[in-house]
Visitor: 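Pasting a structure here, questions to come.
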Amino acid sequence: MKTFKSHINETFTSELPADPILENSRRQVSEACFSYVTPKHTAKPELIHVSPELLETLGISEAESQSEEFLKVFTGNQMLEDTRPYAMCYGGHQFGNWAGQLGDGRAINLTEIEYKNQRWALQLKGAGPTPYSRTADGLAVLRSSVREYLCSEAMFHLGVPTTRALSLAVTGDQVLRDVMYNGNPEYEEGAVVCRVAPSFLRFGSFELLASREDAKTLKTLTDYTIKHFYPELGAPSKATYLAFFKKVSERTLKMIVDWQRVGFVHGVMNTDNLSILGLTIDYGPYGWLEGFDYGWTPNTTDRQHKRYRYGNQPNIGLWNLYQLANALYPLIEDVDALQAILDAYKTNFETQSLQMMRSKLGLFKAEESDLKLIQDFEDALQMLETDMTIAFRNLSKFEKGNPSNGLKLIEDAFYNPDAMTSEIEEVWNNWFKTYSDRLQKETLSDAERALKMNGVNPKYVLRNYMSQLAIDDAEKGDYALVDELFNLLKNPYDEQPDSEKWFAKRPEWARNKVGCSMLSCSS
């Protein structure tokens with residue numbers, strides 16, 4: 001991997017303070033942004049899949065990816081020459097409560113590279129314990145690793161800001177996990193994913209330092225982040241720090257609007273799981289809406305309070321930004337200026353959300369009545385369990401001037417069409433009449449509108465049951481479905497006639513099956 005090694009350019013460990021203790025013991029780490037740590041050697045590593053696009057992005061040749069060295073490096077069995085792997089130190093609010101120090105409990109950063117003027121951090125998930133593992137083993141299982149690998153790349157191709165995944169490997173080790181946290185742990189196959197992002201810094205990276213009143217390290221970390229990831233903001237100053245917070249707020253909002261657009265529910269939006277770069281990070285108990293439901297969350301831990309439900313994600317984004325504002329306050333010392341940015345988030349969400357929903361419905365001229373039309377559509381979707389992805393995608397086939405055909409277009413999206421009543425049917429038919437009248441004000445032809453709508457309404461998303469089918473096969477040593485879904489999800493907005501079987505409602509057998517509906521944080 002000689003070519004790849006020439007891209008190494010480490011800044012995180014060279015510019016930020018390190019934990020002076022080198023032993024890998026669980027402990028509180030102060031006045032430091034990371035701890036050096038060595039990945040755990042695995043029994044019999046085997047590469048399952050590699051992302052060809054990401055190889056190219058990182059400047060790794062196909063030949064290098066097939067080498068024994070690649071396998072060893074990206075499963076933690078060999079360190080790259082002149083590099084020192086490390087785990088990052090951060091804290092966070094979990095389900096609204098301050099949890100103190102958390103850190104990379106099962107993630108180990110291998111190195112950073114710079115290629116074609118882009119900076120990338122490479123991180124192994126599941127490569128062994130770190131000082132931040134607390135009582136855990138720092139390992140990952142095939143089940144959760146398949147989900148992360150597929151979803152990272154799927155989200156990228158959906159146009160959602162995200163961390164990415166380079167490789168997926170099994171380790172040959174057995175890992176004990178209690179899937180549903182019900183006191184019935186079982187051994188599962190171990191796995192490692194190599195995650196890739198410009199940086200894995202989180203809101204919690206700044207929160208922990210502020211909570212400890214470590215203003216010196218807080219400033220060092222903030223200056224580092226601006227220098228490498230927000231260089232356009234200029235030299236450090238109070239004004240620069242404020243502009244930094246504004247940028248983070250804007251990026252976070254864009255990410256969440258994109259989540260809402262494709263029906264993605266993160267499931268665990270703790271502040272330690274929010275990227276300072278506005279990227280989707282930490283794929284655990286996530287899911288896509290099947291039936292359109294603002295109250296749905298895929299996380300079993302959140303079943304009672306539903307803090308991280310689909311409809312609440314924008315509010316949680318704001319709540320998390322309040323925590324980040326509190327963390328950065330010592331550098332800015334201007335409550336009113338910070339509050340103005342937070343207030344702008346609320347206003348901008350309303351504006352951007354409305355614009356996003358207009359695009360999903362094929363409305364490209366703004367009309368005052370649009371908000372009510374959208375709300376009425378969402379209400380109708382919830383009167384009968386209706387598949388979000390199928391309903392929006394099929395809506396693109398609607399012909400203005402032919403409202404009587406509207407309901408027939410989306411009937412495939414109904415999970416229980418026999419439950420349709422005359423009252424519900426009337427609501428839908430009235431909505432389609434209003435929608436048809438509204439489309440008369442648009443200048444695009446039906447075909448032109450359909451093309452635009454199909455560019456924002458995906459045909460294929462990574463439904464949980466699809467992941468579970470791939471996991472079931474992978475656990476038997478068959479990785480063909482992992483590859484099939486990986487390639488399907490590279491073009492989520494395309495028709496792909498040979499893959500039509502994946503454009504379908506969740507099967508009834510998957511409604512309450514573990515891994516196909518609700519998932520735990522172990523997922």
Side-chain angles (χ1 to χ4, degrees), residues 49-58 88 104 107 109 112 118-125 140 144-168 193-205 229-230 247-289 298 308 310 313-314 316-317 320 352 356 389 455-456 458 460-464 466-467 482 485-493 519 523:
H49 209 278
V50 179
S51 168
E53 297 85 0
L54 206 45
L55 283 175
E56 187 176 338
T57 299
L58 299 173
M88 296 166 67
D104 284 335
N109 298 267
E112 293 170 271
Q118 283 190 292
R119 174 169 296 283
W120 301 102
L122 298 125
Q123 182 185 86
L124 298 184
K125 183 175 181 180
S144 60
S145 301
V146 166
R147 285 172 52 78
E148 171 134 15
Y149 180 75
L150 288 176
C151 195
S152 300
E153 291 302 282
M155 290 284 272
F156 174 76
H157 291 292
L158 281 167
V160 180
T162 180
T163 57
R164 299 191 64 185
L166 170 64
S167 60
L168 171 64
V193 171
C194 178
R195 310 199 287 191
V196 179
S199 174
F200 289 94
L201 283 167
R202 301 122 189 284
F203 286 18
S205 306
F229 307 108
Y230 295 89
K247 283 280 188 183
V248 175
S249 175
E250 290 169 350
R251 288 191 183 186
T252 301
L253 175 56
K254 182 191 182 307
M255 173 188 73
I256 293 173
V257 169
D258 272 324
W259 288 359
Q260 304 301 98
R261 173 175 63 83
V262 299
F264 175 80
V265 187
H266 186 279
V268 59
M269 285 179 69
N270 297 329
T271 58
D272 56 295
N273 292 337
L274 250 68
S275 159
I276 203 70
L277 302 183
L279 304 173
T280 313
I281 195 171
D282 290 340
Y283 289 95
Y286 67 80
W288 262 270
L289 289 187
Y308 297 139
Y310 172 70
Q313 290 186 136
I316 293 297
N320 289 347
Q352 291 181 31
M356 176 268 287
T389 302
V456 294
Y460 301 104
V461 294
L462 185 63
R463 298 168 184 268
N464 278 335
M466 294 163 64
S467 292
V482 170
L485 293 179
F486 181 89
N487 286 302
L488 169 80
L489 297 164
K490 283 197 293 189
N491 299 291
Y493 298 101
L519 300 111
S523 304

Visitor: Do Phe203 and Thr252 have side chains that get closer than 4.5 Å, going by heavy atoms?
Guide: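 A side-chain contact under 4.5 Å exists here.
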
Visitor: Which distance, rounded to the nearest 0.5 Å, do you find between the CG of Leu277 and the OG of Ser199?
Guide: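 Interatomic distance, Leu277 CG to Ser199 OG, rounded to 0.5 Å: 5.5 Å.
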
Visitor: Go through the steps for Val160 and Phe264 under the test side chain to side chain contact (heavy atoms under 4.5 Å, CB included), then give the verdict.
Guide: CA-CA 10 Å; Val160 180; Phe264 175 80; over 6 Å; no

Visitor: State whether the side chain of Thr280 and the backbone N or O of Pro161 hold a donor-acceptor pair below 3.5 Å, judged by distance alone.
Guide: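 Yes; at least one donor-acceptor contact below 3.5 Å.
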
Visitor: Using the test salt bridge (charged side-chain N to carboxylate O under 4.0 Å, His left out), find all partners of Glu153 that sit at least two apart in sequence or belong to another chain.
Guide: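 Salt bridge (charged side-chain N to carboxylate O under 4.0 Å, His left out) list for Glu153, sorted by chain: Arg164.
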
Visitor: Quickly, which of Tyr286, Trp259, Tyr310, Tyr308 forms a ring pair (Phe, Tyr, Trp, His ring centres under 6.0 Å) with His266? Name it, please.
Guide: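 With His266 as partner, ring pair (Phe, Tyr, Trp, His ring centres under 6.0 Å) holds for just one option, Trp259.
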
Visitor: Taking all non-hydrogen atoms of both residues into account, name the closest pair between Leu279 and Pro198 and its distance.
Guide: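 Nearest heavy atoms, Leu279 then Pro198: CD1-CD, 4.0 Å.
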
Visitor: Once rounded to the nearest 0.5 Å, what's the spacing between atom CG of Asn273 and atom CD1 of Ile281?
Guide: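 Answer rounded to 0.5 Å: 7.5 Å.
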
Visitor: At what distance, to the nearest 0.5 angstrom, does CE of Met269 lie from CD1 of Ile256?
Guide: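 So the CE of Met269 and the CD1 of Ile256 are separated by 4.0 Å.
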
Visitor: Measure the shortest side-chain to side-chain distance between Phe200 and Ser205 over non-hydrogen atoms and say whether it is less than 4.5 angstrom.
Guide: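 Phe200 does not reach Ser205 side chain to side chain.
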
Visitor: Go through the steps to decide whether Leu488 and Met466 satisfy the test side chain to side chain contact (heavy atoms under 4.5 Å, CB included), and finish with yes or no.
Guide: CA-CA 11 Å; Leu488 169 80; Met466 294 163 64; 3.9 Å; yes

Visitor: If you round to the nearest 0.5 Å, how far is NE2 of His49 from CG of Leu168?
Guide: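 Output value for this atom pair is 8.5 Å.
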
Visitor: Would you please name every residue forming a salt bridge (charged side-chain N to carboxylate O under 4.0 Å, His left out) with Arg463, sequence neighbours left out?
Guide: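 Per chain and number, Arg463 pairs via salt bridge (charged side-chain N to carboxylate O under 4.0 Å, His left out) with Glu290, Asp387.
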
Visitor: Supply the atom-to-atom distance Asn320 CG to Gln313 CD, rounded to the nearest 0.5 angstrom.
Guide: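 Rounded to the nearest 0.5 Å, the CG-CD separation comes to 11.0 Å.
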
Visitor: Restricting to salt bridge (charged side-chain N to carboxylate O under 4.0 Å, His left out), what partner residues turn up for Glu56, sequence neighbours left out?
Guide: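 Listed in chain order: nothing, the list is empty.
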
Visitor: Just by distance, do the side chain of Trp288 and the backbone of Val262 share a donor-acceptor pair under 3.5 Å?
Guide: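 Yes: the side chain of Trp288 pairs with the backbone of Val262.
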
Visitor: Taking C-beta and beyond as the side chain, do Met255 and Asp258 meet within less than 4.5 Å on heavy atoms?
Guide: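 Heavy-atom side-chain distance check fails, nothing below 4.5 Å.
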
Visitor: Any side-chain heavy atom of Arg261 sitting closer than 4.5 Å to one from Val456?
Guide: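 Sidechains of Val456 and Arg261: in contact.
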
Visitor: Using only atom types and a distance under 3.5 Å, with no angle test, would you say the side chain of Arg147 pairs donor to acceptor with the backbone of Gly284?
Guide: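 Between the backbone of Gly284 and the side chain of Arg147 there is a qualifying donor-acceptor contact (under 3.5 Å).
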
Visitor: Mind listing the closest non-hydrogen atom pair of Ala165 and Val193 along with its distance?
Guide: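 Heavy atoms only, the tightest pair is CB-CG1, 4.1 Å.
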
Visitor: What is the minimum heavy-atom distance between Tyr460 and Leu158, and which atoms define it?
Guide: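 Reported closest heavy-atom pair: O-CD2, 4.4 Å.
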
Visitor: Verify whether one side chain among Tyr283 and Thr163 offers a donor that lies under 3.5 Å from an acceptor in the other.
Guide: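 Result is no, nothing qualifies.
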
Visitor: Show the nearest heavy-atom pair for residues Pro52 and Val50, with the distance to one decimal.
Guide: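 For Pro52 and Val50, the tightest heavy-atom pair comes out as CD-O, 3.2 Å.
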
Visitor: Whether Asp282 and Arg195 form a salt bridge (side-chain N of Lys/Arg under 4.0 Å from carboxylate O of Asp/Glu) is what I want to check.
Guide: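 Asp282 and Arg195: salt-bridged.
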
Visitor: Side chains of Thr57 and Val196, heavy atoms from C-beta outward: is any pair under 4.5 Å?
Guide: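 Not in contact.
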
Visitor: For a quick test of reading the model, state the closest non-hydrogen atom pair linking Tyr493 to Gly455 and the distance between them.
Guide: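 The answer is CE2-O, 3.5 Å.
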
Visitor: Quick check for you: to the nearest 0.5 Å, what is the distance between Cys194 atom SG and Glu148 atom CD?
Guide: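 So the gap between those two atoms works out to 10.5 Å.
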
Visitor: Give me the atom names and distance for the closest heavy-atom approach of Pro298 to Gly287.
Guide: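 Minimum heavy-atom contact is CG-N, 3.7 Å.
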
